[in-house]
**Student:** 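Structure below; questions to follow.
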Amino acid sequence: MSFSCFIKLFAAALVLSLLGYYSAGLFGMETPAGSVFATGLLIGCVAGGLLVALYPVSSADESDTDAASSGTSNLYVGNLPFNAGPDDIKNLFAPYGEVVDIRMVKDRRSKRFKGYAFVEMNSAGAQAAIKHLDNNDYAGRTLRVNEAQKKGEA
DNA sequence: GTTGAGCGTT
């Protein structure tokens, strides 16, 4: 979420700075290219800041309505192989429901995967995933899939 | 490139 938001901000700033650069060129300004690009960067930063100030409202509203309509719940997924990635988890849970979010827990210090993750998906799919994936063999290990205890979402 | 029970991070 935060990463995609940051990427969007960065992309918006970049695009708008280029826009400012070309618009300055359209005005026929004969200023040095460096200052023109600097002005474009300034415009891009201001516009990007405004965009980010407006963006979370609509985004939160959309996600809230989506979460409320689908009824998401998070699952605790443990005993995962260390070489598993978000795509593997997504592929595991995708057949049972709509996977909204995947958070892989890694060690805060070493940034390494700790072997368990949290998957947020719609409640029906969550129950189906628990029924089908819990205590099942995956890559030589017994998968643990249960409802998460904390950080629950309404 | 390391590890193996575990309910978390921005």
Side-chain angles (χ1 to χ4, degrees), chain A residues 1-22 37-154:
Chain A
M1 278 295 256
S2 60
F3 276 131
S4 64
C5 206
F6 181 75
I7 289 175
K8 274 182 186 176
L9 166 64
F10 196 75
L14 206 71
V15 166
L16 287 170
S17 63
L18 285 174
L19 207 96
Y21 176 79
Y22 282 121
F37 189 70
T39 307
L41 272 180
L42 183 67
I43 295 175
C45 283
V46 170
L50 284 176
L51 202 80
V52 125
L54 296 178
Y55 176 72
V57 179
S58 62
S59 167
D61 284 348
E62 282 187 13
S63 68
D64 279 350
T65 47
D66 283 351
S69 63
S70 58
T72 64
S73 60
N74 10 304
L75 299 177
Y76 165 78
V77 185
N79 208 20
L80 287 164
F82 289 121
N83 55 358
D87 294 333
D88 299 313
I89 304 176
K90 197 189 339 176
N91 290 331
L92 266 178
F93 285 86
Y96 305 109
E98 180 190 359
V99 178
V100 179
D101 192 18
I102 296 177
R103 303 165 236 193
M104 306 193 61
V105 179
K106 30 191 175 170
D107 192 63
R108 191 164 57 85
R109 193 168 54 98
S110 63
K111 312 288 189 190
R112 265 188 309 205
F113 181 46
K114 284 177 71 183
Y116 63 96
F118 292 93
V119 173
E120 184 176 353
M121 63 192 305
N122 51 321
S123 309
Q127 298 305 321
I130 291 175
K131 217 198 279 187
H132 288 255
L133 293 178
D134 190 26
N135 287 342
N136 270 76
D137 200 53
Y138 175 68
R141 291 162 197 80
T142 305
L143 222 53
R144 281 186 69 190
V145 179
N146 281 317
E147 290 193 30
Q149 293 178 345
K150 288 183 155 192
K151 303 275 183 154
E153 298 188 9

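Just so we're on the same page: letters track the sequence lines, and every chain starts at 1. Keep in mind that this is a model prediction, so the values were computed, not measured.
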**Student:** Walk me through it: do Asn146(A) and Asp134(A) pass the test side chain to side chain contact (heavy atoms under 4.5 Å, CB included)?
**Tutor:** CA-CA 7 Å; Asn146(A) 281 317; Asp134(A) 190 26; 3.8 Å; yes
**Student:** Select from Glu147(A) and Phe82(A) the residue whose nearest nucleotide in DNA chain B is closer to the 5' end of that strand.
**Tutor:** Phe82(A)
**Student:** What is the distance, rounded to the nearest whole Å, between atom CG of Asn79(A) and atom P of dT3(B)?
**Tutor:** 16 Å
**Student:** With sugar-phosphate meaning primed atoms plus P, OP1 and OP2, does Gly78(A) contact a base, only sugar-phosphate, or nothing at under 4.0 Å between heavy atoms?
**Tutor:** nothing
**Student:** I need the CZ-C1' distance between Phe113(A) and dT9(B), as an integer number of Å.
**Tutor:** 13 Å
**Student:** Taking only residues at least two apart or on different chains, which pairs with a member in residues 79-90 of chain A satisfy salt bridge (charged side-chain N to carboxylate O under 4.0 Å, His left out)?
**Tutor:** Asp87(A)-Lys90(A)
**Student:** Is there, by distance only and without an angle test, a donor paired with an acceptor across the side chain of Arg112(A) and the base of dT3(B) below 3.5 Å?
**Tutor:** no
**Student:** What I want to check is whether an N or O donor and acceptor connect the side chain of Arg144(A) with the base of dG6(B) at under 3.5 Å.
**Tutor:** no
**Student:** Has the side chain of Asn74(A) got a donor or acceptor atom sitting under 3.5 Å from an opposite partner on the base of dG8(B)?
**Tutor:** yes
**Student:** If the test is side chain to side chain contact (heavy atoms under 4.5 Å, CB included), which one of Ile102(A), Asn136(A), Val99(A), Leu133(A) qualifies with Leu92(A)?
**Tutor:** Leu133(A)
**Student:** Mind calculating the distance between CG (Asn83(A)) and P (dT2(B)) to the nearest angstrom?
**Tutor:** 10 Å
**Student:** If I take atom CD1 from residue Ile130(A) and atom OH from residue Tyr76(A), how far apart are they, to the nearest 0.5 angstrom?
**Tutor:** 13.0 Å
**Student:** Side chain to side chain contact (heavy atoms under 4.5 Å, CB included) for Glu147(A) and Gln127(A)? Distances and angles first, verdict last.
**Tutor:** CA-CA 9 Å; Glu147(A) 290 193 30; Gln127(A) 298 305 321; 3.1 Å; yes
**Student:** Arg103(A) side chain: which of dG6(B), dG4(B), dT9(B) is closest?
**Tutor:** dT9(B)
**Student:** What is the separation between atom CD1 on Ile89(A) and atom P on dG8(B), rounded to the nearest whole Å?
**Tutor:** 16 Å
**Student:** Round to the nearest Å and state the distance from Asp107(A) atom CG to dG8(B) atom C1'.
**Tutor:** 12 Å
**Student:** In terms of side-chain heavy atoms of Lys114(A), which of dG4(B), dC7(B), dG6(B) is nearest?
**Tutor:** dG6(B)
**Student:** Name the nucleic acid region contacted by Arg108(A), choosing base, sugar-phosphate or nothing; use a 4.0 angstrom heavy-atom cut-off, strictly under.
**Tutor:** nothing
**Student:** Between Pro81(A) and Tyr76(A), which has a closest nucleotide on DNA chain B that is more 5'?
**Tutor:** Pro81(A)
**Student:** dC7(B) C1' sits how many Å from Met104(A) CE, rounded?
**Tutor:** 15 Å
**Student:** Centroid distance below 5.5 Å plus an interplanar angle below 30 degrees: do Phe118(A) and dG8(B) meet both conditions?
**Tutor:** yes
**Student:** Starting at atom NZ of Lys111(A), determine the distance to atom C1' of dT2(B), rounded to an integer number of angstrom.
**Tutor:** 19 Å
**Student:** Could you tell me how far apart Leu143(A) (CG) and dG6(B) (P) are, to the nearest whole angstrom?
**Tutor:** 15 Å
**Student:** Under 4.0 Å between any heavy atoms, over every strand shown, what does Ile102(A) touch: base, sugar-phosphate, or nothing? Just pick one.
**Tutor:** nothing
